[in-house]
2 protein chains.
Amino acid sequence: MGQTVATIDDVAKKAGVSKGTVSSVFSKKRPISRQVTERVLEVAKDLGYFPNHVARSLAIKKTMIAGLKMPISKDSNMSGFEIQMINGVMKECSKNGYRLLLDTLPEHDDPTQFSIDPVDGVIMLNPRKQDPRIERYKQMGIPLVLVGRPDPEDETVCYVDNNNRDLGFKVGEYLLGIGHRDILFLNAASDMTVAYDRENGLAGSFAAQGIPYGSVQVLNYSRKMHYNAAEYGYRSIMETFGKKHYTAVIADTDRVALGVLRAARELNIDVPVRLSVIALSNDATVAQETTPKLTSVDQSAEILGAEAAKILIEKMNDSSIVHQRVIDAKLVIRESCSHLS
Amino acid sequence: MGQTVATIDDVAKKAGVSKGTVSSVFSKKRPISRQVTERVLEVAKDLGYFPNHVARSLAIKKTMIAGLKMPISKDSNMSGFEIQMINGVMKECSKNGYRLLLDTLPEHDDPTQFSIDPVDGVIMLNPRKQDPRIERYKQMGIPLVLVGRPDPEDETVCYVDNNNRDLGFKVGEYLLGIGHRDILFLNAASDMTVAYDRENGLAGSFAAQGIPYGSVQVLNYSRKMHYNAAEYGYRSIMETFGKKHYTAVIADTDRVALGVLRAARELNIDVPVRLSVIALSNDATVAQETTPKLTSVDQSAEILGAEAAKILIEKMNDSSIVHQRVIDAKLVIRESCSHLS
DNA sequence: CTGAAAGCGCTTACAG
DNA sequence: CTGAAAGCGCTTACAG
């Protein structure tokens with residue numbers, strides 16, 4: 001009430017100049033004489049005037065904001081992977097003068113509810129199969145970079161991704177190498193491309209050695225079923241140990257692995273002697289501090305995020321470019337797996 | 001080039017209705033007949049039309065975006081406290097239909113560079129003493145909620161904060177209780193109100209027991225000096241152990257504590273036998289997985305964030321309200337401190 | 001239920 | 001170096 005915010009008009013009037021002049025003083029896009037500049041700045045200060053970012057964005061069709069589209073479940077927090085990725089994105093954006101719009105709102109299906117967001121481009125996490133959002137961003141004319149690969153493959157979309165097939169293959173190779181055959185794979189949700197790629201790679205490692213893949217049991221994370229990632233790991237062990245036979249478990253993320261380790265502790269299962277545990281993502285701070293230290297795959301989440309941001313920034317300046325970068329993940333052997341005796 | 005994005009005008013023209021009608025179909029703010037609605041929607045789909053959020057925001061003076069103002073250092077990642085806080089803010093915002101604008105851009109001092117951001121309100125982390133931004137937001141007419149208290153005290157600004165004085169007091173009381181007198185305090189940066197409050201509380205605990213405070217040595221974190229929080233902890237120990245005498249160290253955050261633990265390991269100092277370590281913030285996942293498990297203060301960062309968001313959301317609807325909430329922190333005793341023999 | 005027009009607060013050719 | 005005016009893409013009283 002009453003107390004209203006000063007606009008460019010107020011300043012122009014009080015300083016006795018045109019709006020264009022005030023605009024130029026602030027944007028510095030055209031030279032304004034020293035005297036006028038000073039008068040305008042003084043009046044602006046008096047009035048408590050600050051340029052309105054939204055109005056400016058509308059006029060120049062640019063917001064200097066990058067969007068980060070990221071699902072979030074109500075009850076679980078960000079995973080180590082997500083946090084590191086955001087860190088990478090954030091630093092890169094900050095360095096280039098971009099802010100970050102974190103968009104964690106749930107998807108809707110009402111066509112009336114979509115809108116062209118106040119962003120110059122977006123980074124989207126975990127695209128799903130046939131993800132309709134990819135086409136939508138194209139229509140909106142908003143540059144898009146995926147973290148994770150599009151499915152089906154699409155030559156026209158930018159993305160950065162781990163080589164998830166290779167990752168699954170390496171893990172399989174490693175576990176087979178130390179004698180494990182009976183493996184419980186706590187995989188990601190089944191509609192995610194990573195889940196497919198990793199299992200595909202794992203199966204590949206068995207095939208390469210002529211070992212039947214049947215001894216691998218795969219579970220999939222489900223938002224409906226599991227309270228959060230750690231619970232997924234915990235419950236899966238609690239419910240299957242003793243019933244199903246396995247000597248090693250592959251956990252989708254470090255969080256899942258924490259749940260697995262907790263369950264093992266409660267059931268008095270010695271890790272890694274009686275059970276080997278390996279995680280498919282690696283929060284450096286966490287993995288090094290568990291007991292035993294967690295053997296895991298380093299997905300370089302921060303690098304992935306930074307790469308995505310770099311590509312996006314490039315693309316926001318030249319929308320015609322397309323980059324697709326696949327980053328190799330590497331196995332970090334710590335203490336949670338042992339040779340099957 | 002060439003390929004341009006459809007606007008409300010295009011749709012109106014092609015559907016043979018007015019812009020107002022198209023607007024109403026999408027906003028549902030006034031009833032439109034079924035037939036017209038269908039025609040408009042169809043044309044919109046054909047044209048790949050989506051309402052422009054920026055234009056809409058300008059017209060209705062509302063963005064449905066909350067800002068999160070958070071400093072970030074180039075080389076260090078978010079602390080556990082920040083991550084948890086963001087989690088709290090994010091969930092609360094998401095629940096209420098708000099997006100989050102992460103603003104980590106460094107502060108500048110050119111008055112020409114400030115602008116009214118595309119947000120309906122902002123949450124600001126770690127206000128500094130005499131923080132000029134507080135007044136600025138007031139002038140901009142943007143609702144503000146601080147995480148941390150304003151200094152000097154100000155009855156008109158909203159904030160949530162831990163009771164940092166009490167926190168310092170409790171920690172002091174605890175350490176004194178188990179026989180420690182010679183304490184190294186790796187405090188936050190000296191220009192932060194939390195640093196002052198905590199040391200103040202710590203000194204209070206000594207005073208309460210009539211013990212001279214002189215045996216406490218306080219260091220302050222400095223962006224210029226320290227590469228990141230963990231390094232701060234690590235270096236501080238490496239450089240002082242053996243030279244200064246202390247039997248316990250208070251680490252500002254869990255990250256700092258990780259650095260301290262690492263230094264202790266390298267120097268072969270047995271924690272907690274020869275050195276007690278306590279952290280003033282608590283990343284549950286991390287603290288429970290260190291060896292020994294880290295005794296720390298639970299600042300309920302997520303609750304703090306959620307509270308801040310709740311207050312902000314209230315304030316965005318009624319800018320006259322003022323809430324100040326102080327949340328008590330509690331000591332979580334794990335394994336990293338021991339009685340001085 | 002729908003339209004015409006003014007307005008949100010900026011920017012930017014164009015003209016001088 | 002500066003001004004007048006059109007334009008960015010929406011919304012919303014007002015009128016019918």
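Here is the naming used below: chain letters follow the sequence lines, and residue numbers restart at 1 for every chain.
One finds no salt bridge joining A/Lys45 and A/Glu42 here, because no Lys/Arg side-chain nitrogen approaches an Asp/Glu carboxylate oxygen to under 4.0 Å.
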Review point. If you write DNA chain D from 5' to 3' in dot-bracket form, with Watson-Crick or G-U pairs under 3.5 Å, [ ] for crossing pairs and | for pairs with another strand, what do you get?
Key: |||.||||||||.|||
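Proximity of a side-chain donor or acceptor of B/Thr21 to a complementary backbone N or O of B/Val17 within less than 3.5 Å is not detected. Panel note: side chain B/His323, backbone B/Glu307; no donor-acceptor pair is recorded below 3.5 Å.
The distance between the ring centers of B/Phe114 and B/Tyr137 does not fall below 6.0 angstrom.
Using C1' as the reference atom, D/dT12 and D/dG16 are 16 Å apart when rounded to the nearest Å.
The neighbour count for B/Glu153 CD, taken as heavy atoms of other residues, nucleotides or ligands under 6.0 Å away, is above 12. With a 6.0 Å radius and a threshold of 12 heavy atoms from other residues, nucleotides or ligands, A/Leu41 has its CG atom above the threshold.
The side-chain tip of A/Arg325 does not point at the ring of A/Tyr159 from less than 6.0 angstrom away and within 45° of straight on.
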**Study point:** Base-contact (B) and sugar-phosphate-only (S) positions in nucleotides 9-16 of chain C, heavy-atom cut-off under 4.0 Å, - elsewhere
**Key:** BBBBBB--
Exercise for review: Would you please test B/Tyr98 and B/Ile65 for side-chain contact (heavy atoms from CB on, under 4.5 Å) and show each step?
Suggested key: CA-CA 5 Å; B/Tyr98 282 88; B/Ile65 297 175; 5.8 Å; no
